[in-house]
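Structure first, then comments.
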Amino acid sequence: MKNPTVYYIGFLIAMSMAGASTGQLEYGFYQTTCPGAEAIVRNVVFQAISSDAGLGAGLIRLLFHDCFVRGCDGSVLIASTASNPSEQLSPINLSLRGFQVIDLAKTQLEAACPGVVSCADIVAFAARDSALRLGGIGYPVAAGRRDGLVSSSADPLQNLPQFNFTLAQLESTFAAKGLSVQDMVVLSGAHSIGRAHCSSFINRLYPTVDPALDPLFASSLLRICPTPDNITFTNNPVTVQDYQTPRKLDNRYYQDILQGRVLFTSDEDLVTSTPTLGQVRTYAALGGLWANQFAQAMQKMGQIGVLTGTQGEIRNVCSAFN
């Protein structure tokens, strides 16, 4: 899988930013304590994506689901137990992927630098490396996050946007995390990769097809998805979100919106206001602009509600509290 290199310059500037800070985080945070930390994570991520490109989409989504719930603290990584139903047990998180990639990176980091690199930072590095591998979108990641001490199954649905949200609900959810409408539209471009279960867009097919859907696209979805009454946990087919370039993180998503070829109500609703429609049209035409702004929005999202200093902990394993 060959990647474009035009956006890689954003990643290279990290060399000159070591020691610089952004808020409570710092570029080159592990330069002294674990110099190879980012390279270790990158190698693990690249190898995983080489075997399954879908894992890259999963890792980007993992950062989103982590940061929107209690901040970017690795709480989404905690395995659910009988005594502690964690975020992973929430219905909106049941389809998350990439945990094994984070665990493998943590294992290698613990072998190289025991007790130094947080799981929260690994998630941020892995999302960046996925964007680089799948879209040639590189950017420096400020680090120094600490791992949280709480993970509750009740939190995700109260904090994460859902597939059937209206534009107003989306804007409100992003604003609550300090993200602008522009950030929201930019980050939605991650839907150019990955896959979705029929249950997340079946409302656009039954009882009648959403007229905003392209008829041929709708017909293809009807062939894939069973009727709502027949969707179960074990009978819930998946489909890619972008049929043209499903393994490439690019601006195709915005072209698909304009053509009525997106899956979620929340995607289609981006054309229901003049400002967001303008952004969609701009990104559909200017892939380079979108890529640069996507990198900036990912950096901004990665700083939501971080724990630093002596807050939280550095987990020994990412799936359990110490």
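Since the structure is predicted, the reported quantities are computational estimates derived from the model, not experimental observations.
- Taking CZ of Phe68 as the reference point, atom CG of Asn159 lies at 9.0 Å (rounded to 0.5 Å).
- The side-chain heavy atoms of Cys318 and Phe99, taken from C-beta on, include no pair separated by under 4.5 Å.
- Although no hydrogens or angles enter the test, the distance criterion places no donor-acceptor pair under 3.5 Å between the side chain of Glu313 and the main chain of Asp147.
- In this structure, the separation between OG on Ser192 and CG on Asn251 is 8.5 Å, given to the nearest 0.5 Å.
- The two atoms that bring Ala291 and Ile137 nearest to each other are O-CG2, 3.7 Å, heavy atoms only.
- Arg97 has a carboxylate O that lies under 4.0 Å from a charged side-chain N of Asp52, or vice versa, which qualifies the two as a salt bridge.
- One hydrophobic cluster, built from ILVMFWY side chains closer than 4.5 Å, holds both Leu96 and Leu104.
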From CA spacing to verdict: side-chain contact (heavy atoms from CB on, under 4.5 Å), Thr308, Leu25 | CA-CA 8 Å; Thr308 59; Leu25 304 178; 3.8 Å; yes
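- Within the 4.5 Å cutoff, the side chain of Ser151 has no heavy atoms near those of the Val76 side chain.
- With a 4.5 Å cut-off on side-chain heavy atoms, Val186 and Gln279 count as touching.
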Can you check side-chain contact (heavy atoms from CB on, under 4.5 Å) on Asn43 and Gln108, steps first, answer last?
-> CA-CA 11 Å; Asn43 288 337; Gln108 295 189 13; 5.8 Å; no
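- Electrostatic pairing of Arg145 and Asp73 does not count as a salt bridge here, judged by no charged N lying under 4.0 Å from a carboxylate O.
- Rounding to the nearest 0.5 Å places CG of Asp250 at 10.0 Å from CD of Gln244.
- A donor-acceptor contact shorter than 3.5 Å links the side chain of Gln88 to the backbone of Ile78.
- Side-chain rings of Phe294 and Tyr139 stay apart, their centers remaining 6.0 Å or farther from each other.
- Leu157 approaches Pro91 most closely through the heavy-atom pair CD1-CD, 4.2 Å.
- Residue Leu205 belongs to a hydrophobic cluster whose other members are Phe163, Phe201, Ile202, Tyr206, Val209, Leu213, Phe217, Leu221, Leu222, Ile224, Ile231, Val240, Tyr243, Leu263, Phe264, with links defined by side-chain heavy atoms closer than 4.5 Å.
- Side-chain contact check for Ser75 versus Val150: every heavy-atom pair is 4.5 Å or farther apart.
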Under the side chain to side chain donor-acceptor pair (under 3.5 Å) rule, what do Tyr283 and Gln255 come out as? Steps first, then yes or no, please.
-> CA-CA 8 Å; Tyr283 297 145; Gln255 298 169 19; over 6 Å; no
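- There is no side-chain donor-acceptor pair under 3.5 Å between Asn235 and Thr232.
- Considering all non-hydrogen atoms of both residues, Pro226 and Cys198 come closest at CD-SG, 4.4 Å.
- Taken to the nearest 0.5 Å, the CG atom of Leu270 stands 5.0 Å off from the CD1 atom of Ile257.
- Across all their heavy atoms, Ala284 and Leu258 have their closest contact at CB-CD1, 3.9 Å.
- Using a 4.5 Å heavy-atom threshold, the side chains of Asp66 and Leu77 count as separate.
- With Asp183 contributing its side chain and Ser180 its backbone, the two residues share a donor-acceptor pair below 3.5 Å.
- Hydrophobic clustering of Ile, Leu, Val, Met, Phe, Trp and Tyr side chains at less than 4.5 Å, counting indirect connections, unites Ile60 with Met184.
- Remark: side-chain polar atoms of Asn322 are paired, donor with acceptor, to backbone N or O of Ile314 under 3.5 angstrom.
- No donor-acceptor distance shorter than 3.5 angstrom exists from the side chain of Asp155 to the backbone of Val69, with no hydrogens or angles considered.
- In this structure, Ser86 contributes its side chain and Ser152 its backbone to no donor-acceptor pair below 3.5 Å.
- Under a hydrophobic-cluster definition in which Ile, Leu, Val, Met, Phe, Trp and Tyr are linked whenever side-chain heavy atoms come within less than 4.5 Å, directly or via other members, Phe29 and Leu307 are assigned to different clusters.
- Taking the side chain as every heavy atom from C-beta outward, Gln299 and Pro140 approach each other to under 4.5 Å.
- The backbone N or O of Leu89 lies less than 3.5 Å from no partner atom in the side chain of Asn93, so there is not a single donor-acceptor pair.
- The hydrophobic cluster containing Leu62 does not contain Val238, counting ILVMFWY residues as joined when their side-chain heavy atoms lie under 4.5 angstrom apart, directly or transitively.
- At least one donor-acceptor pair under 3.5 Å links the side chain of His197 to the backbone N or O of Asn236.
- Using a 4.0 Å cut-off between charged nitrogen and carboxylate oxygen, Asp129 and Arg133 do not count as a salt-bridge pair.
- Of the residues Asp210, Asn203, Thr166, the one that meets the side chain to side chain donor-acceptor pair (under 3.5 Å) test with Thr265 is Asn203.
- Taking 4.5 Å as the limit, some side-chain heavy atom of Cys119 sits within range of a side-chain heavy atom of Lys106.
- Atoms OG1 and CZ, from Thr310 and Arg146 in turn, are 7.0 Å apart once rounded to the nearest 0.5 Å.
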Applying side-chain contact (heavy atoms from CB on, under 4.5 Å), run through Leu63 and Phe125 and close with a yes or a no.
-> CA-CA 9 Å; Leu63 177 68; Phe125 293 148; over 6 Å; no
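- Criterion: ILVMFWY side-chain heavy atoms under 4.5 Å apart, direct or through other members. Under it, Leu149 and Ile122 are not part of a common hydrophobic cluster.
- Here the side chain of Arg261 pairs no donor or acceptor atom with the backbone of Asp242 at under 3.5 angstrom.
- The minimum heavy-atom distance between Phe174 and Leu187, with the atom names listed, is CE2-CD1, 4.1 Å.
- Two residues are said to be in side-chain contact when any heavy atoms from C-beta on lie closer than 4.5 Å; Phe321 and Asn84 meet this criterion.
- Side chain of Tyr30 to backbone of Glu38: no donor-acceptor contact under 3.5 angstrom is found.
- Here OG1 of Thr272 is found 9.0 Å from CG of Leu277. Values are rounded to the nearest 0.5 Å.
- Shortest non-hydrogen contact noted between Val116 and Glu110 is N-OE2, 4.3 Å.
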Let me see the working for Leu59 and Val123 under side-chain contact (heavy atoms from CB on, under 4.5 Å), right down to the final yes or no.
-> CA-CA 7 Å; Leu59 290 167; Val123 172; over 6 Å; no
